[in-house]
Amino acid sequence: MKPLLRIHTISLLSIVSCFFGCAEQKEGETKPLNVLYIMADDLAYQAISAYGSPISKLAPTPNLDRIAANGARMDAVYCTNSICGPSRSSILTGKFSHLNGFYKNVDGGDFDGSQMTFPKIFQANGYETAVIGKWHLGTEPTGFDYSKVLINWGGQGTYFNPQFCINGQDTVVERTRHSTQVIEDDCIDWLTQRDSEKPFMLLYQFKAPHRDWRPDSMYHDLFTDFDFPLPENFNDDYAGRPAAAENMMEIENHLNRRDMKQEAPLGLSRRDSMRWLAYGDKGQFWTPHDSLQGEALKYWKYQTYIKDYLRCVAGVDRAIGRVLDYLEETGLDENTLVVYTSDQGFYLGEHGWFDKRWMYEESFKMPFLISCPDQIAPSSISDELVMNIDFAPTLLDFAGLPVPDEMQGKSFKNALVENQSSSRDAVYYHYYEYPIWHKVQPHYGIRTDRYKLIHFYYSMDEWELYDIQNDPEEMHNIFEEADESLIADLRFKLDSLQVMYGDTASLEEMRLMTDTVITRVYNEPMKVTK
Ligand code: CA
């Protein structure tokens, strides 16, 4: 059985008729659309040369740029909760964290895999489905004909000696290749061996460039003969922003010895060695040499961090190039939609930070590149306001599959194909995890095309307002001085979105969500079968 799916216009009748099981494809008809969804972990848009930032000019990503050249670069795609597991849950379900239940990485339980997710709909409609690489949701993947996902280090996986679980059963440790290389090879192997009679929907997901930024040795010599420029607000003093001032994610003060690739002294027990390497997390002072202090120490930490991060990105770019080459060599590029994104953005020194979580632009905004032959014009740029809950409806829409009513996101296909903007004038955000890991106060807020309103509500009651057009670096909180009518208008929009998305709990209930500890059922399988 083959699905009656077409790349081009599909009538409602045909959608209904092919919902479960479809007719043979006739000769001369358009081939079904395959979906290749590529996602890296913590890969900021500032590190992608298609986005044109100063850093990426020195560390280009030619293969990621191929996707943008073949299709569209989207400039206003936002995460709904900027950490790994919660973003992934929202992407799969098309729902905000408070409805899909996975709203924290730590003490937030595991993903409820019995929920409706977009891979399940592809699978039910005749697609061969797979997820390869990072999963990070605890429970076994559901909705996939094949899964091989990282499970060690709390589901994060490691760069070296990564442990994977295949189809929820066999556990393997890859001892010779870097994590990115393993995932790259597995992706090509699966594409080669899949049932070529069926269309495919593949999630190709990297661990890189997540902390602690350990690149493949083939990239160790990259960027050794120059330094990267510092972001303009590298020395932010967080004036007028009490929540930001409380943070523990500063390059100057919170990178530990492990991040900086220091080696623990010989002779320490494993526990003491781990403690030695983690030193610095809580702001403890350390320096590799007594002569390296102050500004020079901060500069050295930044260069060490950014170079290792971008070396990891180089590996991801290579791995993406390989699958794009494969699609071209096999002709699959003619009927495959390709998405590239990251589970959220990341700070590459902006505000003096690494990590994510905040609703400030660098971690809130997700890179998003998408190509679809004959449908999206090459080298397009879109400023459509999009959230990660929109990904599932959009992929289903492109494939001509039905979008369940329970998904809160909306397809943005028409913005790309028909150049039709939606009526959305703001996106909504809500972050919960505190104080681990970086002491980022829980907050919610909205962003319009010009303004951003944020409420930090956990152990403070602070509102922030930014005019992003005049203050793109979000250094000046204008909440106290802004026009009352502007604030009233934004508060009205915020309230309306909270009602629309069902996020109407009281502040007390929201604080309780942060405080509630939900033990993980999932544990790393200890038995290694290969
Ligand atoms: Ca992440």
Side-chain angles (χ1 to χ4, degrees), residues 37-48 64 77-93 96-97 100 102-108 110-111 131-138 141 149-159 162 179-180 183 203-215 247 249 254-255 259 305-306 308-310 312-313 315-317 319-320 339-350 353-369 387-389 391 429-434 436-438 440 520:
Y37 176 91
I38 309 169
M39 188 157 70
D41 195 336
D42 296 357
L43 207 168
Y45 66 90
Q46 309 94 293
I48 297 173
L64 278 158
V77 175
Y78 294 97
C79 195
T80 48
N81 183 358
S82 177
I83 36 174
C84 306
S87 176
R88 289 156 197 269
S89 306
S90 286
I91 290 167
L92 286 169
T93 59
F96 278 91
S97 302
N100 70 47
F102 198 101
Y103 58 94
K104 298 187 291 183
N105 271 348
V106 177
D107 293 336
D110 298 304
F111 180 65
V131 53
I132 293 170
K134 183 160 174 178
W135 177 246
H136 201 198
L137 293 172
V149 294
L150 287 160
I151 51 169
N152 63 327
W153 207 253
Q156 292 277 4
T158 43
Y159 284 108
S179 150
T180 300
I183 294 165
L203 306 188
Y204 178 30
Q205 306 190 145
F206 299 97
K207 180 221 168 34
H210 191 280
R211 192 181 185 185
D212 55 350
W213 317 295
R214 289 187 186 267
N247 87 86
M249 52 187 270
H254 304 105
L255 285 170
D259 297 324
Y305 158 57
I306 197 67
D308 274 346
Y309 178 95
L310 292 170
C312 290
V313 171
V316 170
D317 188 67
I320 289 173
V339 162
Y340 166 76
T341 190
S342 169
D343 55 351
Q344 14 55 218
F346 212 70
Y347 295 94
L348 303 184
E350 299 86 359
W353 288 336
F354 61 96
D355 212 73
K356 51 242 182 185
R357 299 161 195 274
W358 302 94
M359 200 186 161
Y360 303 129
E361 209 67 358
E362 290 82 2
S363 54
F364 182 33
K365 182 167 155 177
M366 306 167 82
F368 198 92
L369 311 172
M387 293 182 276
N388 60 354
I389 56 169
F391 297 178
Y429 182 82
H430 198 157
Y431 169 82
Y432 303 85
E433 190 170 285
Y434 182 86
I436 277 187
W437 283 89
H438 299 288
V440 174
R520 299 199 88 162

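Counting starts at 1 for both ligands and their atoms, following the listed order.
- Our summary of the site lists the angle at the Ca ion (ligand 1) between OD1 of Asp41 and OD1 of Asp42 as 80°, to the nearest 10 degrees.
- Rounding to the nearest 10°, we obtain 140° for the angle at the Ca ion (ligand 1) between Cys84 SG and Asp343 OD1.
- With Tyr204 contributing its side chain and Ile183 its backbone, the two residues share no donor-acceptor pair below 3.5 Å.
- The distance from the Ca ion (ligand 1) to the nearest N/O/S atom of Gln344 is under 3.0 Å.
- Neither side chain, Tyr431 nor Ser82, offers a donor N or O lying under 3.5 Å from an acceptor on the other.
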#### Entry: Chi angles and distances behind the salt bridge (Lys or Arg N to Asp or Glu O under 4.0 Å) call for Asp42, Arg211
CA-CA 8 Å; Asp42 296 357; Arg211 192 181 185 185; over 6 Å; no

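- Between the side chains of Ser90 and Asn388, no donor-acceptor pair of N or O atoms lies under 3.5 Å.
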